[in-house]
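Below you'll find the structure, written out as structure tokens, and then a few comments.
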Amino acid sequence: MVIEMMFRVAVIMDRFMDRKSERGQGCISCERPFNCRCFPLFLPLACPTTSSKLSVLGINRGEFPVNARLRRSGIGTALVIAGAVGFVGPLALPTAKVWAQSAETQQVAPPVFRDPETPIALAIQAAMSADIHEEIALHYGDRAFAPVWFDENGLTENAHLTIAAMAEANDHALNPNNYGPLELLQQSETAQTPEDWAQFDLELSVQYIRYATHLSSGRVQPNRINKALNLFPNRPKPEMLLEAATDAVDYSTFLEGLAPRSDNYARLKRRLAQYREKAADGGFTPVPDGEVLKPGMSDDRLQALQQRLMEEDIPGAADHRGDVYEGALVEAVKVFQEYHGLETDGVIGKNTLARLNTSIHDKLIQMELNMERRRWMRDDLGQFYVFVNLADQNLKVVKDGKTIHTTRVVVGKPYHATPVFSDELEYVEINPFWNVPYSIATKEYLPKLQQNPSALSSQKIRVFREGSEVAATQVAWNSYSRKNFPFRLRQDPGDGNALGRIKFMFPNEFNIYIHDTPSKSLFSRAERAYSHGCIRASDPFALADVLLQHADPTPGVWERLRDAGDRKVVKPGVPIEVHLTYLTAWMNKDGSTHFRKDIYERDDVLLKALRRAMTENL
């Protein structure tokens, strides 16, 4: 074995010397012609004439100019040759035990890899451990354990691009320290032996995959931190990522494409950078507390108010003149209120003042949290879809990339928080029955029936047992509780029906759907979290006109069916996706930046999870 390895090394050395001589290049270690003594077969790497080592980046340690263009320097085939004797011994891939166990339990033959052809490859093979992802081990095995990130000419351009991208992770609200770009640079500068370079190559592969995974699909997995977030982002396969690192025609474009490709993500990323600049310039001017400020009043705080609005780029704020709160300044406050989901009345009361005095630090955190949420979402939400932002309590319909309808909605109250998930609209029901959910039937209606068996008759709610209707007055309601309630309650169609006169069904495990409501007053409120979890639409028949246009485009057809009183089920005729989301910060196409109250306290949960993940480098 030793003799065979020495022969292989000698052949590689001979070929390398010939190639270098033909190119007129010198020793990579001391930069002298190849008559130096740096390359005797098993001598130490360091040239006896110099102890200097080439810098990989040409910068001092501890410094990493994020926007610097990285330049190459040689690693040297001497590194491949030096210390070859040290690799004689057990060279089997440590993960072979894992494969053996897999083969034993799953009847799958372990993969067969080509033998390593260089001392560096032998070092990489020996450095494999059970901690290395299985697909990483497979990728290296398929290439006979040849390095991914350097060759005989030094670090590859793709290695430089990867380390630079990880160093700029903060642009995407990720922590660069989690990927160790500085440590990797220092490791490449100080590496001497094949073992050192093997560790460097594997470490860069591991960190690259971590970075690519976090950037493309999120730093944390949403459903693990909050069961109400039924999102399961597709994680990129390590094998695909490593293949791109060596085979991509345009690796720089590939790296950039790891981030979400949606315009929403790009806009928020751009705005985050702008807000960071604002923070560096001192942040926002505070507006002093005082009495409620209404249009037409004079107040000493107007100058601070105007300055504060200008600092956040609120349109019209700079046009105000004088010491009376009126005109352009009132309109600018209304815009600010709109951007923050407040009543747009121009009155600066408790809520508006609190939002004016939210620190830029808190807004930066809110934007960073929503960068993470955008990473969980698909780039392409569909050609035709319904998008409900629960934090905003608004619904929009998008077709071919354009918003064609918007409406206010009521969402679940915090105790009955509406979950986040995606599904597909299956049908719309006009004049629907309301099958009362078990929880509402037992918690809210059973106590009323126990006091008065006729309590629900005025609401046209009927009682069923095993599919047959029973008279509510003939039931001994006090004999039943939440634990032994065998009845189903159903409300007849009509104006008093809890679902109103229409519902939009995308059947799901959460029993969530969009529907009409007889209670219209809540839609005029700025904050609209009052339901048991389902989504109430402000103008559901206008929504039906948009969603059912392929079923029947006749104007007013659905209202006429409603007025006829007959129950009707209509299928949309084309695929329509429904996305229930939770976003508390975003930037619109018009450049307006919006922030919303965290009604379900999901920002807090996500912030704690991200801080833990980034601090502990999970």
Side-chain angles (χ1 to χ4, degrees), residues 66 165-179 181 210-226 229 231-236 255-280 312-313 339-341 358-381 387 389-392 420 422 579-589 591-598 600-615 617-618:
V66 171
M166 294 190 296
E168 296 173 355
N170 191 45
D171 293 349
H172 295 274
L174 295 171
N175 184 359
N177 293 332
N178 288 161
Y179 316 110
R210 284 167 56 83
Y211 166 76
T213 300
H214 294 165
L215 181 58
S216 63
S217 56
R219 187 63 180 80
V220 297
Q221 297 190 42
N223 193 250
R224 290 187 179 180
I225 65 169
N226 188 337
L229 307 178
L231 299 171
F232 305 92
N234 291 324
R235 305 297 229 190
L255 275 179
E256 293 175 359
L258 290 172
R261 300 177 187 178
S262 70
D263 291 339
N264 291 298
Y265 182 87
R267 287 196 296 267
L268 188 58
K269 176 176 176 283
R270 182 168 65 250
R271 196 58 167 152
L272 174 64
Q274 294 169 352
Y275 269 59
R276 285 173 171 172
E277 291 178 0
K278 293 178 185 294
E312 203 162 5
D313 309 318
Y339 289 1
H340 291 77
T358 298
S359 71
I360 195 166
H361 176 264
D362 288 343
K363 288 198 167 186
L364 286 172
I365 289 177
Q366 200 169 3
M367 296 170 84
E368 290 172 352
L369 294 178
N370 285 276
M371 292 279 285
E372 175 74 359
R373 289 188 175 114
R374 288 288 183 184
R375 286 190 282 268
W376 298 339
M377 297 169 66
R378 287 168 22 206
D379 290 335
D380 182 6
L381 297 179
F387 187 93
N389 184 355
L390 304 172
D392 185 34
V420 170
S422 293
H579 304 288
L580 307 188
T581 64
Y582 191 84
L583 299 168
T584 58
W586 68 92
M587 182 180 180
N588 280 339
K589 294 178 182 178
S592 59
T593 308
H594 292 253
F595 298 89
R596 291 296 182 269
K597 179 181 176 181
D598 180 22
Y600 294 157
E601 298 184 352
R602 290 174 179 170
D603 279 0
D604 292 341
V605 173
L606 178 55
L607 178 60
K608 291 176 182 176
L610 284 174
R611 281 178 170 166
R612 179 172 178 265
M614 291 184 179
T615 301
N617 202 9
L618 300 177

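Of the listed residues (Leu364, Ile365, Thr358), just one forms a side chain to side chain contact (heavy atoms under 4.5 Å, CB included) with His361, and that residue is Ile365. Between Tyr265 and the choices His172, Arg374, Arg270, the side-chain hydrogen bond (donor to acceptor under 3.5 Å, both in side chains) rule is met once, by His172. Remark: of the listed residues Thr584, Asp392, Asn370, Asp392 is the sole one forming a side-chain hydrogen bond (donor to acceptor under 3.5 Å, both in side chains) with Arg596. Here the rule is side chain to side chain contact (heavy atoms under 4.5 Å, CB included) with Val220, and of Met614, Glu372, His214 only Glu372 fits it.
With a 4.5 Å cut-off on side-chain heavy atoms, Asn389 and His594 do not count as touching. Side-chain atoms of Arg235 and Gln221, non-hydrogen and from C-beta on, do get closer than 4.5 Å to each other. Using a 4.5 Å heavy-atom threshold, the side chains of Lys589 and Asp263 count as separate. Taking 4.5 Å as the limit, some side-chain heavy atom of Asn264 sits within range of a side-chain heavy atom of Arg267. At a threshold of 4.5 Å between non-hydrogen side-chain atoms, the residues Tyr275 and Thr593 count as touching. Using a 4.5 Å heavy-atom cutoff, the side chains of Arg612 and Ile225 are not in contact. Between Tyr339 and Glu312 there is no side-chain heavy-atom pair separated by less than 4.5 Å.
Between the side chains of Arg219 and Asn178, a donor-acceptor pair is found at a separation under 3.5 Å. The closest side-chain donor-acceptor pair between Asn234 and Ser217, if any, does not fall under 3.5 angstrom.
Trp586 contributes atom CH2, which lies 14.0 Å from atom CZ of Arg271 (distance to the nearest 0.5 angstrom). Going from atom OH of Tyr211 over to atom CG of Leu174 covers 7.5 Å, rounded to the nearest 0.5 Å. With rounding to the nearest 0.5 angstrom, the CG atom of Leu610 is 10.0 Å from the OG1 atom of Thr615. Here CG of Leu580 is found 12.0 Å from CG of Leu229. Values are rounded to the nearest 0.5 Å. The line from CG of Leu231 to CG of Asn223 is 8.0 Å long, rounded to the nearest 0.5 Å. Interatomic distance, Ser216 OG to Arg261 CZ, rounded to the nearest 0.5 Å: 10.0 Å.
Across every non-hydrogen atom of Ile360 and Ala279, the tightest pair is CD1-N, 3.5 Å. The two atoms that bring Leu268 and Ala585 nearest to each other are CD2-O, 4.1 Å, heavy atoms only.
The aromatic rings of Phe387 and His579 sit tilted relative to each other, their planes meeting at an angle between 30° and 60°.
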* **side-chain hydrogen bond (donor to acceptor under 3.5 Å, both in side chains) assessment of Asp598 paired with Tyr582** => CA-CA 9 Å; Asp598 180 22; Tyr582 191 84; 2.5 Å; yes
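The 12-atom threshold is not exceeded at NZ of Lys597, counting heavy atoms of other residues, nucleotides or ligands nearer than 6.0 Å. Within a 6.0 Å sphere centred on CD of Glu601, other residues, nucleotides and ligands contribute 12 heavy atoms or fewer.
Using a 4.0 Å cut-off between a side-chain N of Lys or Arg and a carboxylate O of Asp or Glu, Glu368 and Arg276 qualify as a salt bridge. A salt bridge links Asp603 and Arg373; the closest N-O separation between the charged side-chain nitrogens and carboxylate oxygens is under 4.0 Å.
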